[in-house]
Amino acid sequence: GAVVSQHPSWVICKSGTSVKIECRSLDFQATTMFWYRQFPKQSLMLMATSNEGSKATYEQGVEKDKFLINHASLTLSTLTVTSAHPEDSSFYICSARDRWPAGEQYFGPGTRLTVT
Amino acid sequence: AQSVSQHNHHVILSEAASLELGCNYSYGGTVNLFWYVQYPGQHLQLLLKYFSGDPLVKGIKGFEAEFIKSKFSFNLRKPSVQWSDTAEYFCAVNGYAGNMLTFGGGTRLMVKP
């Protein structure tokens, strides 16, 4: 099946710094990528939808200036958490879809962000 | 707007017991339905999906789910669980004309050996 990778898998940063998380589709072209946030023992919450070559669409309540998303190519999307604070600590998961409307989403392994 | 509810938050079963996890969704149009599994320390994996056709869908590892349109349900079943089925299970729905996958709250299954 299709593979989606994320890098890094785990990152610790100091409050006030920025962190970039990469999401790559390894063996297919993803016109659409999704970024989710998962709090401990909770479900995934969609943060934003990213289409290659265009601006991301953010869900209500997600600050687009804080969570910068760039989908520069058909195999790479990045999420940058700017001026991170401890409340941004979470598990961030990306997924990628290869075709629409019947394409399923393939999930990355997630990135655990801890802000100290 | 679409929403998904999973009724059971925690389920504990003994090996060989039968499993049924409930999933109900709210959406006014045609939907695509999914069940995902997240094993401890691993990422989400697709168990099965329903797009159209036979409402009884068979997935990997002996799981199946039945789409009942009149009840807006897509319950997950397995006749005999194994210890290795211990994981968290998520039901998800994607409105056919839409882009967004909405997840239920998840059900944490523990299978006792």
Side-chain angles (χ1 to χ4, degrees), chain A residues 1-10 21 23-26 30-52 54-62 71 91-112, chain B residues 1-11 21 23-25 27 29-53 57 59-61 65 87-110:
Chain A
V3 178
V4 175
S5 70
Q6 281 185 242
H7 177 81
S9 56
W10 184 48
I21 302 169
C23 176
R24 294 183 185 271
S25 57
L26 298 186
T31 53
T32 305
M33 288 184 169
F34 304 85
W35 286 95
Y36 295 85
R37 188 171 176 176
Q38 186 178 26
F39 291 99
K41 300 183 180 180
Q42 294 189 32
S43 186
L44 283 77
M45 299 297 295
L46 180 66
M47 297 174 65
T49 301
S50 168
N51 291 298
E52 186 267 338
S54 63
K55 290 183 179 180
T57 302
Y58 290 81
E59 295 302 303
Q60 193 171 14
V62 178
H71 192 162
F91 197 54
Y92 292 89
I93 302 171
C94 77
S95 70
R97 188 166 69 190
D98 59 352
R99 61 192 181 278
W100 186 92
E104 66 184 72
Q105 291 184 31
Y106 302 96
F107 286 83
T111 296
R112 185 165 300 284
Chain B
Q2 55 197 34
S3 65
V4 182
S5 65
Q6 292 180 238
H7 319 299
N8 317 100
H9 298 294
H10 296 277
V11 174
L21 301 182
C23 171
N24 284 91
Y25 69 92
Y27 183 74
T30 305
V31 292
N32 299 325
L33 296 156
F34 307 81
W35 274 99
Y36 288 88
V37 61
Q38 189 173 29
Y39 296 103
Q42 296 187 29
H43 62 278
L44 281 168
Q45 300 173 45
L46 182 68
L47 268 182
L48 49 79
K49 60 188 178 186
Y50 171 81
F51 286 161
S52 64
V57 179
I60 60 172
K61 305 186 180 185
E88 189 151 16
Y89 293 81
F90 294 94
C91 180
V93 62
N94 179 12
Y96 186 78
N99 204 17
M100 191 174 76
L101 196 62
T102 300
F103 284 84
T107 298
R108 195 174 293 270
L109 170 67
M110 179 181 292

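Interface remark: B:Leu46 contributes side-chain atoms only to the contact with chain A (heavy atom separation under 4.5 Å). Of the two parts of A:Leu44, the backbone and the side chain both hold a non-hydrogen atom closer than 4.5 Å to a non-hydrogen atom of chain B. When heavy atoms are compared at a cutoff of 4.5 Å, B:Gln38 approaches chain A solely by way of its side chain, counted from C-beta outward. Residue contact with chain B, scored on non-hydrogen atoms closer than 4.5 Å, involves the side chain of A:Gln38 exclusively. With a 4.5 angstrom heavy-atom cutoff, B:Phe90 touches chain A only via side-chain atoms.
Residues meeting the salt bridge (Lys or Arg N to Asp or Glu O under 4.0 Å) test with A:Arg37, sequence neighbours left out: none. By the side chain to side chain donor-acceptor pair (under 3.5 Å) test, B:His7 is found to be paired with B:Asn24, residues two or more places apart in sequence or in another chain being considered.
Remark: the backbone N or O of B:Gly104 is paired with a side-chain donor or acceptor of A:Ser43 at under 3.5 angstrom.
Aromatic ring pairs are classed by plane angle as parallel below 30°, tilted from 30° to 60° and perpendicular above 60°; the pair A:Phe107 and B:Tyr36 is perpendicular.
For A:Phe34 and B:Phe103, the ring centers sit 6.0 Å or farther from each other.
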